[in-house]
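This report concerns only the one structure given below.
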Amino acid sequence: EAGVAQSPRYKIIEKRQSVAFWCNPISGHATLYWYQQILGQGPKLLIQFQNNGVVDDSQLPKDRFSAERLKGVDSTLKIQPAKLEDSAVYLCASRPAGGELFFGEGSRLTVL
Amino acid sequence: DQQVKQNSPSLSVQEGRISILNCDYTNSMFDYFLWYKKYPAEGPTFLISISSIKDKNEDGRFTVFLNKSAKHLSLHIVPSQPGDSAVYFCAASRGSGNTGKLIFGQGTTLQVKP
């Protein structure tokens, strides 16, 4: 079974530039999550989708972050404009009904 | 507001001995707790979980203990192996079993020395 796929693995940008991350969850997993993990901290939930609907985006900085999952499968997380404090690993996870979270390898963002 | 805390950033143990990783939480509404393991350059992987109706759950070398009155859980690894060297995150959720929003601790880096 293929795991959660994320790209790109690494991205370096200047502050105020934009960046987008892509996630393809495990086939059949209706729930998809984006987490932000800053160095030395645990993952923090940014947004949760159930199919193509948003369940929780209370911790998403909506002035600069956006996410979509238009067809209920893959998802894109965008940051525009990026700030220095956005440097982190962005983890995508998916979950089958009644099961545990499966994480992707993450996309490491460095903002200079 | 750190609702889930892992106060030990790192732990070093000898191969074959017991590893004990600790986690404290502040929200009494949490009813489901999990441990995740993370190797460098990989995403976290699920290790073991426990519901608040239990005080112990065991899976092979891994046992999680829950003390609700103290709002404390611990992960025991016996015997520890070099391949267990990783970052361990505890996580908690409330209200929906394992379907709720997970709140993670900061992580503890375990090093098992041969």
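Worth saying up front: this structure is predicted, and the values here are computed from it rather than measured. Just so we're on the same page: letters track the sequence lines, and every chain starts at 1.
- Ranked by non-hydrogen atom pairs under 4.5 Å with chain A, the options B/Cys90, B/Gly105, B/Gly107, B/Pro44 are led by B/Pro44.
- Looking only at heavy-atom pairs under 4.5 Å with chain B, the residue among A/Gly40, A/Pro43, A/Gly106, A/Gly104 that has the most is A/Pro43.
- B/Phe33 and B/Ile103 end up in the same hydrophobic cluster when Ile, Leu, Val, Met, Phe, Trp and Tyr side chains are linked at under 4.5 Å.
- Between the CD1 atom of B/Ile48 and the CD atom of A/Glu100 there is a distance of 11.0 Å, given to the nearest 0.5 Å.
- Under the 4.5 Å side-chain heavy-atom criterion for Ile, Leu, Val, Met, Phe, Trp and Tyr, B/Phe30 and B/Leu47 are members of the same hydrophobic cluster.
- With a 4.5 angstrom heavy-atom cutoff, B/Ser49 touches chain A only via side-chain atoms.
- Heavy atoms of A/Gln37 lying under 4.5 Å from chain B belong exclusively to its side chain.
- Atom CD in A/Glu105 sits 6.5 Å away from atom CD in B/Glu42 (nearest 0.5 Å).
- In this structure, A/Leu112 places its CG atom where more than 12 heavy-atom neighbours from other residues, nucleotides or ligands lie under 6.0 Å away.
- The hydrophobic cluster containing A/Phe49 also contains A/Ile79, counting ILVMFWY residues as joined when their side-chain heavy atoms lie under 4.5 angstrom apart, directly or transitively.
- Other residues, nucleotides and ligands contribute at most 12 non-hydrogen atoms within 6.0 Å of the NZ atom of A/Lys71.
- Contacts between A/Arg9 and chain B at a heavy-atom distance below 4.5 Å involve the side chain alone, from C-beta outward.
- Interface remark: A/Ser58 contributes side-chain atoms only to the contact with chain B (heavy atom separation under 4.5 Å).
- How far NZ of B/Lys38 is from CG of A/Leu91: 7.0 Å, rounded to the nearest 0.5 Å.
- Between the CD atom of A/Gln59 and the NZ atom of B/Lys101 there is a distance of 4.0 Å, given to the nearest 0.5 Å.
- Checked against the 6.0 Å centroid threshold, A/Phe103 and B/Phe46 do not count as a close aromatic pair.
- Using non-hydrogen atoms only and a strict 4.5 Å limit, no part of residues 59-88 of chain B faces chain A.
- Note that the NZ atom of A/Lys44 and the CG atom of B/Leu102 stand 15.0 Å from one another [nearest 0.5 Å].
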Side-chain donor-acceptor pairs of residues 12-19 of chain A under 3.5 Å, sequence neighbours excluded:
unit_1: A/Gln17; atom_1: OE1; unit_2: A/Glu14; atom_2: N; d: 2.8

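- Linking Ile, Leu, Val, Met, Phe, Trp and Tyr whenever their side-chain heavy atoms come within less than 4.5 Å leaves A/Leu32 and A/Val4 in two separate clusters.
- A distance of 12.0 Å separates OG in B/Ser93 from CG in A/Leu45, rounded to the nearest 0.5 Å.
- Residues A/Val111 and A/Phe21 are members of one and the same hydrophobic cluster, defined by side-chain heavy-atom contacts under 4.5 angstrom among Ile, Leu, Val, Met, Phe, Trp and Tyr.
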